[in-house]
Amino acid sequence: MLPIIETSGQVFAERKLRELNETLEQQVITRTAELDRAWQLSQELLAVASPKGVIEAVNPMWTAVLGWERHELVGQPFMDFTHPDDLEPTLDAFASIFERPLVTPYENRYRHKDGSYRWFGWTGTFENGKVYASGRHITVEREQAEVLRQSQKMEAVGQLTGGLAHDFNNLLAGISGSLEMMQTRIQQGRFNDVERYMTVAQGASKRAAALTHRLLAFSRRQTLDPKPTDVTRLAMGMQEMIQRTVGPGIPVEVVGATTTWPALVDPPQLENALLNLCINARDAMPDGGSITIETANKWMDERAARQHDIPEGQYLSLSVTDTGTGMPPEVIARVFEPFFTTKPIGEGTGLGLSMIYGFAQQSEGQVRIYSEVGQGTTVCIYLPRHYGMVEDETVAERIADLPRSKDGETVLIVDDEPSVRMLITDIVEDLGCAAIEAGDSATGLKVLRSDVRIDLLVTDVGLPGGMNGRQMADAARVVRPDLKVLFITGYAENAVLGAGKLPLGMAVLTKPFAMDQMAARIRSMIEGAKEQARRA
Ligand code: ADP
Ligand code: MG
């Protein structure tokens, strides 16, 4: 009995094995069919490619989305279908698959048979010597996002123009209101009040000018006045003002090598840009932090120049680093867009960085942003190096920067208007010179005929006291033949002066003059007087 049982057992086992084989085969067939169905039905473009990027297999979706038949694709390098602008990054993305699977979709464009392009988001992996890739068609999504972006931009433009109109109306109200009040007061003979309204009107005009300036900067149509500039000195000169602006919770440090190159740039615009960057930094640090302003010499070799999209050469960099919130990549990608802001309405204009970008481009430089969320941000402005020295004139134009006189130079100021005398006296004293004031030509002449040291006479032309300014100066030159004279005149008085053919050592400044201008003029005339004395 046993053998039989044994035999039947063997038969049973063989049958089992055969059945198992059959099901396995069946399973493989089913599995392949399933895979094949997935391959056939997938909504995504599926492809198998060689490590060299030659397409070996594609699913039907390729034909549905891109119009190419299977045989037109297989055997071709996928690069032949890639948008030329996407080629380089696409090759990089392809190369990265050999190191690790591509899981975050990489977006690029492929050419449709009709010549147009479609957008795809690709994922892929490298296994058993083949690259397996899957691409989701995202053209519609991208177009919708673009439409949304455009409409958001238009909304922002609307907000901005609305805001600007509002600002301008306020400023105009300040100006026209003051003018009206001045007219009334003049009619009433109350001249003392006029000054006050004038100040209000002037303040409003200045702010209006600043506003248009910002708009022009942003449209890159501002007139730039580039000068050889010591950017480190400029930054140091602004430190105190920036510190006051950002408040005590955020220490501001200026780091600069003493040997930075001069840059060719418009100084007031650069100051404006620097201030803007620091305000952005402050806004990114609501809980405090610190700001570092740094200048450095940068030599851009061919590679660096290509990376920074500027010509090869030497640059001066000015960077502002904060320890604030930082920015995610999608924000960084848009910060130079005009009107792009993440700040609440009324707080951000979205013009700061776009303006800085425009300014840097117009200055033949560049701006770059390095930022990490939670770590902080560095914004770096590159400016072309100026080959040569910084001329003193350019940096010394601000009164505060003017060199102080050490030799007891004295300026005589003759004007019947006390406030003008006071202003000029202040300028003269700021320059470190002594000032003597006279309110009429008779007093002025008395001083001039004395043996008091006078290096420069600054005088109004229309004067009480029997002589006009010109006559007084001529009389003074009888005893002081080398006396330097600076006339301040309104347009009407130019005839009296005989302006245009003034003798050597006499000059005119027309009213109204800017204080800086007056200071520079006085200084240069005193320098001239000293030079003359030295030669004599
Ligand atoms: P605004 O300051 O009016 O928003 P900007 O053009 O100056 O306009 O800046 C645009 C946006 O860039 C800001 O809203 C902010 O989101 C981002 N940003 C700029 N600077 C910084 C910074 N230092 N740290 C973090 N985000 C910044
Ligand atoms: Mg800003």
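We count ligands from 1, going down the list as the structure has it; atoms in each ligand are counted the same way. Positions are given from 1 along the sequence.
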Between Tyr110 and His83, is the gap from one ring center to the other below 6.0 Å? no

Can you work out which protein residues put a heavy atom within less than 4.0 Å of ligand 1? Asn280, Ala281, Ala284, Asp322, Thr325, Gly326, Met327, Val335, Phe340, Thr341, Thr342, Lys343, Gly348, Thr349, Gly350, Leu351, Gly352, Leu353, Thr377

Taking the six-membered ring for Trp, is the centroid-to-centroid distance between Phe336 and Phe340 below 6.0 Å? no

Enumerate the protein N/O/S atoms at a distance below 2.8 Å from the Mg ion (ligand 2), ignoring waters. Asn280 OD1

Around Lys113, counting heavy atoms of other residues, nucleotides and ligands shown, do more than 12 lie under 6.0 Å from its NZ? yes

Can you confirm whether or not the ring centre of Tyr315 sits under 6.0 Å from the ring centre of Trp261? no

So for atom CD, which belongs to Glu195, do other residues, nucleotides or ligands contribute more than 12 heavy atoms lying within a distance under 6.0 Å? no

Using a strict 4.0 Å threshold on nitrogen-to-oxygen distance, state whether Glu107 and Arg136 make a salt bridge. no

Would you say the ring centers of Tyr106 and Phe120 fall short of 6.0 Å from each other? no

Quick one about Thr232 and Thr260 (side-chain donor to acceptor, distance below 3.5 Å, no hydrogens or angles considered), yes or no? yes

Any salt bridge linking Glu330 with Arg334? Criterion: basic side-chain nitrogen under 4.0 Å from a carboxylate oxygen. no

